[in-house]
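For the single chain, residues carry numbers from 1 onward in sequence order.
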Amino acid sequence: MKKLVSVLLFGLLIMILIACSNDEEASDAGEGEDSGENGDQVVLKMASWSFGTEGDQNINRLMLEAFMEEHPNIKVEIDESFGDPWQESLAAAASANAMPDVFSITNIPTGIANDWMMDVKPYLEEDEEFETLPDSVIETITMNDQIYAIPASQHMLGYYVNKELFENANLNVPELGMDLDSFNEAVRNVTNVNQGIIGLNETFSIIDWYPAAANEDLGWYTYNEDGFHLDSNEFIAGLDFAQSLNSNGYVYQSLTDDQKANFNGEDANEVWFNQGIGIRWDGTWAISGLTENADFDWDFIGIPGERDLLTHDYYGMSSSTEHPEEAYLLAKWMGFGKDGYLKRLEIAEEVDGVTIDRLPLTTDQEVLDSFFDGLDVPGLEQAFENIDDAVVEPFKTTPGYGQARWEASTGVEIGDEANASIGTLIDNAVTGEINYENYAQQVNELANEKYQEALEALEN
């Protein structure tokens, strides 16, 4: 009897040990697996030009690795089939029912019109971090009380100043917030072509920012909620200003070859780094290069006035994704999320050869403090104080903008072009080849016609 009891107890002990072992294995298997309905790991596909080519070890591929470490239940695969032209790659993927779950989008209205993207507003409304985005950004991506795009990256546009050139010439150094007259004087006063010093690198950007600097009711390229105002006094004044700087020799781009021979460099970029340009137009993507390569004291000064200029990239979430919640987590991590951006800063600090490729989207103070702790650009830090009222470059968000800014045919003969585009006509006005005022009303009507056509197509 005792022997039988011992055998039974031993058998029971074995069963208990096996059961415990199975429980541990199940628990271990659950770690790193998905919390989905069937317990399978969620697999997301993502496409973005920010990943570069396969094999690149850039910051965005490292960010994906960090995301999967944070969310072991989600595996992200980069769709390497996408390339230029990006819009055509998206169209091809949509036609083949092979849209990535998350993707970079070059034109949001096109994506909406083709039903490529889902409305992400329900996810954003429940996310307190979304409220930390600048008001200017939230307003830009909201269309008819819906939001189809998640901000992915942010850059500020504006001017950089070589402070040493102005100090050496005993001139006041231009600063963020200067008025239009001060900017004009700075460009002209620092110029000395015979000594290989010029005020400005180029002028084609002036027509985009000047109206917003001259009139707070106007935006980039005069665009506001009423459309375009390309026959306005502000737009014409911006063209005249740019043309005057070009024709009077204050811009490197417009100098003759003989005049450029006085400068140290083969192009405007080399001349800038060789201290031959006083004020340079660029985006904040240039900061890492300036930090590493500029052997002079420089600062960011934005544009004249109190307004910032912002430009963004955006992610769309596929309308056919089977995992919208996980796709949202991914887009947020790679875009505006606080934890994601702090990890981006950490990666840039720890990995050799990797630099920050974008400004913070969030206005969270911890993120801003962490960002500026490693960056000594006083003008840029000051510019962030005005970011809620910034002007956002509208190309990716505004219906018909490409037609209104560059592509629409005007019917005007310019040079060899019998039917010049809006972009060609305006460029020729900047260089002084034509008098824009002769065409201002015609161009404005055409731009607004293209805008309205695109708007109506989107609404239908």
Side-chain angles (χ1 to χ4, degrees), residues 42-54 56 58 60-61 63-64 67 75-121 123-124 137 140-144 146-155 311-336 357-358 361 392-407 450-451 453-460:
V42 167
V43 178
L44 299 177
K45 284 189 175 291
M46 186 173 188
S48 174
W49 53 76
S50 68
F51 295 133
T53 57
E54 191 170 4
D56 282 354
N58 68 21
N60 292 296
R61 289 179 181 259
M63 281 289 292
L64 275 193
F67 175 79
K75 179 182 179 182
V76 184
E77 297 177 350
I78 299 173
D79 192 330
E80 305 283 4
S81 67
F82 279 64
D84 291 330
W86 193 262
Q87 203 84 330
E88 291 183 13
S89 290
L90 286 174
S95 297
N97 295 316
M99 288 292 281
D101 299 273
V102 180
F103 52 88
S104 293
I105 180 76
T106 55
N107 189 271
I108 295 169
T110 299
I112 296 173
N114 288 286
D115 194 29
W116 292 344
M117 303 180 296
M118 65 183 296
D119 179 9
V120 295
K121 187 175 181 181
Y123 296 95
L124 295 171
V137 177
T140 299
I141 60 175
T142 304
M143 301 179 184
N144 297 325
Q146 293 175 303
I147 301 176
Y148 287 90
I150 297 174
S153 67
Q154 177 166 268
H155 303 280
T311 185
H312 299 96
D313 289 324
Y314 303 93
Y315 293 131
M317 283 171 45
S318 173
S319 54
S320 61
T321 182
E322 296 178 358
H323 308 289
E325 292 183 3
E326 290 85 355
Y328 176 74
L329 286 176
L330 173 59
K332 176 182 174 181
W333 171 270
M334 297 295 290
F336 72 88
D357 62 340
R358 61 197 64 183
L361 274 155
V392 178
E393 187 269 324
F395 171 66
K396 296 184 181 74
T397 58
T398 303
Y401 183 82
Q403 286 283 324
R405 177 62 180 87
W406 296 290
E407 300 164 8
K450 296 302 180 183
Y451 167 63
E453 287 176 359
L455 193 62
E456 290 169 10
L458 189 64
E459 292 174 347
N460 294 332

In Å, rounded to the nearest 0.5 Å, how long is the span from [atom1] of [X] to [atom2] of [Y]?
| X | Y | atom1 | atom2 | value |
| --- | --- | --- | --- | --- |
| Asp101 | Met118 | CG | CE | 11.0 Å |
| Phe103 | Met317 | CZ | CE | 10.0 Å |
| Met334 | Asn60 | CE | CG | 4.5 Å |
| Trp49 | Asp84 | CH2 | CG | 9.5 Å |
| Gln154 | Thr311 | CD | OG1 | 9.5 Å |
| His312 | Thr397 | NE2 | OG1 | 9.5 Å |

Check for a donor-acceptor pair, side chain of [X] on one end and backbone N or O of [Y] on the other, with a separation under 3.5 Å.
| X | Y | value |
| --- | --- | --- |
| Asp119 | Ile147 | yes |
| Asn114 | Trp116 | no |
| Arg61 | Ile78 | no |
| Glu393 | Phe395 | yes |

Which atom of [X] lies closest to which atom of [Y], heavy atoms considered:
| X | Y | result |
| --- | --- | --- |
| Gly52 | Asn58 | N-ND2, 3.7 Å |
| Leu64 | Met46 | CD2-SD, 4.1 Å |
| Ala149 | Ile108 | CB-CD1, 3.3 Å |
| Trp333 | Met63 | NE1-O, 3.0 Å |
| Met99 | Ser318 | CB-OG, 3.6 Å |
| Gly83 | Ser89 | O-OG, 2.9 Å |

- Message: If you define the side chain from C-beta out and look only at heavy atoms, does anything of Phe82 sit under 4.5 Å from Ser104?
- Response: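 When only atoms from C-beta onward are counted, Ser104 and Phe82 do not touch, as no gap falls below 4.5 Å.
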- Phe336 side chain near Leu124 side chain, heavy-atom distance below 4.5 Å: yes
- Angle class for the Tyr401/Trp406 ring planes (parallel below 30°, perpendicular above 60°, tilted otherwise)? perpendicular
- Message: Tyr315 vs Leu330, test: side chain to side chain contact (heavy atoms under 4.5 Å, CB included). Steps then yes/no.
- Response: CA-CA 10 Å; Tyr315 293 131; Leu330 173 59; over 6 Å; no
- Hits for ring-ring contact (aromatic ring centres under 6.0 Å, His included) against Phe51, two or more places apart or cross-chain, chain-then-number order -> none
- More than 12 foreign heavy atoms under 6.0 Å from CD of Gln146: is that the case here? yes
- Query: Has Glu325 got more than 12 heavy atoms of other residues, nucleotides or ligands less than 6.0 Å from its CD?
  - Reply: no
- Item | With sequence neighbours excluded, residues passing side chain to side chain contact (heavy atoms under 4.5 Å, CB included) with Glu77 |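 So Glu77 forms a side chain to side chain contact (heavy atoms under 4.5 Å, CB included) with Val43, Lys45, Lys75.
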